[in-house]
Amino acid sequence: MKWTYIEDISKFKDKEVELRGWVFTKRSSGKIRFLLIRDGTGIIQGTVFSSKKDDPLFKKFDTLTQESSLIVRGQVREDKRAPGGFELTIRDIEILQIADEYPITPKAHSTPFLMEHRHLWLRSQKQHAILQIRTELIKAIRDFFDGRGFRLLDTPILTPSACEGTTTLFETDYFDQKAFLSQSGQLYNEATAMAFGKVYCFGPTFRAEKSKTRKHLIEFWMVEPEVAFATLEDITELGEDLVVYLIERILEQNKKELEVLERDTKPLERVKKPFPRFTYDEVQKMLKKKGSKMEWGDDLGAPEETLLSEIFDLPVCITHFPAKIKAFYMQPDEKRPELVLGVDMMASEGYGEIIGGGQRIHDLNLLEKKIKEFKLPREDYEWYLDLRKYGSVPHSGFGLGIERTLAWICKIKHIRETLPFPRLLYKIYP
RNA sequence: UCCUCGGUAGCUCAAUCGGCAGAGCGGGUGGCUGUUAACCACUAGGUUGUAGGUUCGAGUCCUACCCGAGGAGCCA
């Protein structure tokens, strides 16, 4: 008999199949019993009928507990009464293991309890749907960049120095030296961009920041493109194209999952180019008018992000930030040197910043000056300065946070559900 | 790191003014031929986060600590 996955079940109408999976739930009603089987690709209801009370199949059924592993064989039938439209008439049950009393019941549980059982929570429908979208999102990101001729060139996770600040870095031993877990692949990306033209890296990022909010993770994933010769304008457009493409792909490929999550897809369907685009000056004035306490020179806080998404129902791009609130490598605006050519993209529906990037300094003298101003150890940046000595060109890039993007697409409250095993402030179990 | 709230059965919660620690779900047993978080009956299940204090008496009041949640700052 053919081993079949539940997602392919519609191809086997009226055929005998073998399913391998786990007990999702079961119900019994005298001489008919219902078994909901999940195999990772879907859930199907199996039925056992018998006129005999002591039928051996009933006896087997009765020993099954939630999440017991098994192999079932039977005939696929179309049945409108069954969730999913197809049902399995069970002929045989082969038990692999009878599960202990399963901690996650079909009733309500608190988040702390579920997080303690994250390794099991992954089997629940909603969590399964989110992570299913995650795998599609990652595939879509790869397809977007690969389709545009970008080269995937991953940057190191162990790095000899801080890219930006040192307070938020995880430190570890590297033989007799110190090493830090990467906070961004950007500086290395700039080197590979000068070698390959347009590149991206996709990997985990580590921030020892003691932030405890629904938008923060200690370990998160980021895709970072970097393009030689690109300006702020070019890179902003690339960011828009990427986000539009990702939303389209998920809407196409993950209808079932979005339904499980009860996600209203209308706000996502609206995500088309061009996004509203403003300079920092304009945004600061606009928000001030709406009651924000943000002064010129302040970064946007959580209340400002909420306010922005109340005004616009599309993601918003903000450019030309005060140099003081951005990183040392940001290219200053020619007309107003107190500003830098950075761009942040705020997701709609209050999800906040998903993209941060901009144009990088390509002038050697200016970069040297900035390194001094930011009191960075020059010896750590010699290789980075080399990029400005040997054929320097204007170039730009950005980073897109995978988990924040996914939280927005799924419209879930907390970012911790967007990856299989989130690392949160002080929390590293399981 | 700061502010706020919380910790009672395996889980989710209740317990009036300080006065016998309870319910639903889950588990077990039995019943039911179409269940959808099935239903009905019975049943077992407790060091009330930890340590100390006040009191005739503390789940409840006080002190310290531990753990968790929400929010802020910072960021993607």
Fill in: Nearest-Å distance for atom pair CD/C1', residues A/Glu304 and B/A72
12 Å

Item to complete: Could you measure between the two P atoms, the one in B/G45 and the one in B/A51, and give it in whole Å?
Response: 24 Å

Practice prompt. Answer with base, sugar-phosphate or nothing: what part of the nucleic acid does A/Asp299 contact at a heavy-atom distance below 4.0 Å?
Written response: sugar-phosphate

Fill in: Modelled atom types, side-chain donor and acceptor of A/Glu190 and A/His395, under 3.5 Å
yes

Worksheet item: Is it the case that A/Arg33 places NZ or CZ above or below the six-membered ring of A/Phe58, under 6.0 angstrom from the centre and within 45 degrees of the axis?
Response: yes

Worksheet item: Do the side-chain N and O atoms of A/Gln75 and A/Glu16 include a donor-acceptor pair separated by under 3.5 angstrom?
Response: no

Worksheet item: Should the pair A/His117 and A/Phe113 be assigned to parallel (<30°), tilted (30 to 60°) or perpendicular (>60°) ring geometry?
Response: tilted

Practice prompt. Decide yes or no on side chain to side chain contact (heavy atoms under 4.5 Å, CB included) for A/Asp281 and A/His320, but give the supporting numbers first.
Written response: CA-CA 8 Å; A/Asp281 286 0; A/His320 301 83; over 6 Å; no

Worksheet item: Distance between the P atoms of B/C67 and B/G57, in whole angstroms?
Response: 32 Å

Polar-atom pairs under 3.5 Å, protein N or O versus N or O of nucleotides 23-30 of chain B: list them with distances, or write none.
none

Worksheet item: Parallel, tilted or perpendicular: which fits the ring planes of A/Tyr245 and A/Phe144, with parallel below 30° and perpendicular above 60°?
Response: tilted

Worksheet item: What's the closest nucleotide to the A/Arg207 side chain, out of B/C75, B/U1, B/C32?
Response: B/C75

Practice prompt. Looking at every strand, decide which applies to A/Ser110 at a 4.0 Å heavy-atom threshold: base, sugar-phosphate, or nothing.
Written response: sugar-phosphate

Item to complete: Under 4.0 Å between any heavy atoms, over every strand shown, what does A/Ile355 touch: base, sugar-phosphate, or nothing? Just pick one.
Response: sugar-phosphate

Worksheet entry | Nucleotide forming a Watson-Crick or wobble pair with B/C39, both distances under 3.5 Å | B/G31

Worksheet item: Roughly how far apart, to the nearest Å, are B/C17 and B/U60 at atom C1'?
Response: 11 Å

Worksheet entry | Rounded C1' spacing from B/G30 to B/G19 in Å | 40 Å

Worksheet item: Rounded to the Å, how far apart are A/Leu35 CG and B/G34 C1'?
Response: 15 Å

Discussion item. If I take atom NE2 in residue A/His216 and atom C1' in nucleotide B/C75, what distance separates them, rounded to the nearest angstrom?
Written reply: 4 Å

Fill in: Centroid-centroid distance, A/Tyr200 to A/Phe398, less than 6.0 Å
no

Practice prompt. Would you kindly check whether a donor in the side chain of A/His109 faces an acceptor in the base of B/C11, or vice versa, at under 3.5 angstrom?
Written response: no

Discussion item. Work out how far the C1' atom of B/A15 is from that of B/A23, and round it to whole angstrom.
Written reply: 11 Å

Discussion item. If I take atom CD1 in residue A/Ile415 and atom C1' in nucleotide B/A76, what distance separates them, rounded to the nearest angstrom?
Written reply: 8 Å

Worksheet item: Does A/Gly203 offer a backbone N or O that forms a donor-acceptor pair with the side chain of A/Asp154 under 3.5 Å?
Response: no

Discussion item. Return whichever of A/Lys326 or A/Pro303 has its heavy-atom-nearest nucleotide of RNA chain B closer to the 5' end.
Written reply: A/Pro303

Practice prompt. Go ahead and name the base partner of B/G24; Watson-Crick or wobble counts if both distances stay under 3.5 Å, otherwise write none.
Written response: B/C11

Output one line per pair: protein atom, nucleotide atom from nucleotides 66-70 of chain B, and distance, for all N/O pairs under 3.5 Å.
unit_1	atom_1	unit_2	atom_2	d
B/A69	N7	A/Lys212	NZ	3.4
B/G70	OP1	A/Arg416	NH1	3.3
B/G70	OP1	A/Arg416	NH2	2.9

Item to complete: Give one of base, sugar-phosphate or nothing for A/Glu224, where a contact means two heavy atoms less than 4.0 Å apart.
Response: nothing

Item to complete: Take atom CZ of A/Phe61 and atom C1' of B/U35, then tell me their distance rounded to the nearest Å.
Response: 10 Å

Worksheet item: So, A/Arg38 and A/Gln125: side-chain donor and acceptor under 3.5 Å apart, yes or no?
Response: no

Worksheet item: Mind telling me whether B/C17 is syn or anti, cutoff 90° either side of 0?
Response: syn

Discussion item. Mind checking if A/Thr205 touches a base, just sugar-phosphate, or nothing, with heavy atoms under 4.0 Å?
Written reply: nothing

Worksheet item: Going by modelled atom types, is there a donor-acceptor pair between the base of B/G73 and the side chain of A/Glu209 at under 3.5 Å?
Response: no

Discussion item. Please report the distance separating the P of B/G18 from the corresponding atom of B/U63, rounded so that it comes out in whole Å.
Written reply: 16 Å

Discussion item. Please tell me whether A/Phe421 and A/Trp121 form a close aromatic pair, meaning their ring centres lie under 6.0 Å apart.
Written reply: no

Fill in: P atoms of B/C65 and B/U4, separation to the nearest Å
15 Å

Worksheet item: Can you check whether A/Phe220 stacks with the B/A76 base, using ring centres under 5.5 Å and planes within 30°?
Response: yes

Practice prompt. State the pairing partner of B/A69; accept Watson-Crick or G-U wobble contacts with both distances under 3.5 Å, and report none otherwise.
Written response: B/U4

Practice prompt. Salt-bridge test for A/Asp62 and A/Lys59: reply yes if a basic N is under 4.0 Å from a carboxylate O, no otherwise.
Written response: no

Worksheet item: Could you state the CZ-C1' distance from A/Phe113 to B/G6, rounded to the nearest angstrom?
Response: 18 Å

Item to complete: State which of B/A76, B/U33, B/C32 makes the closest approach to the side chain of A/Ser28.
Response: B/C32

Item to complete: Round to a whole Å and report the spacing from CE of A/Met345 to P of B/A76.
Response: 14 Å

Practice prompt. Please confirm whether any donor atom in the side chain of A/Arg33 sits under 3.5 Å from an acceptor in the base of B/C32, or the reverse.
Written response: no

Worksheet item: Between A/Leu406 (CG) and B/A76 (P), how many Å, whole number?
Response: 19 Å

Discussion item. Only pairs with both distances under 3.5 Å count, Watson-Crick or wobble alike; so what is the partner of B/C74 in this structure?
Written reply: none

Fill in: B/U47 to B/C5 separation - P atoms, rounded to the nearest Å
29 Å

Worksheet, complete the sentence: Partner of A/Glu403 under salt bridge (Lys or Arg N to Asp or Glu O under 4.0 Å), picked from A/Lys215, A/Arg134, A/Arg416, is A/Arg134

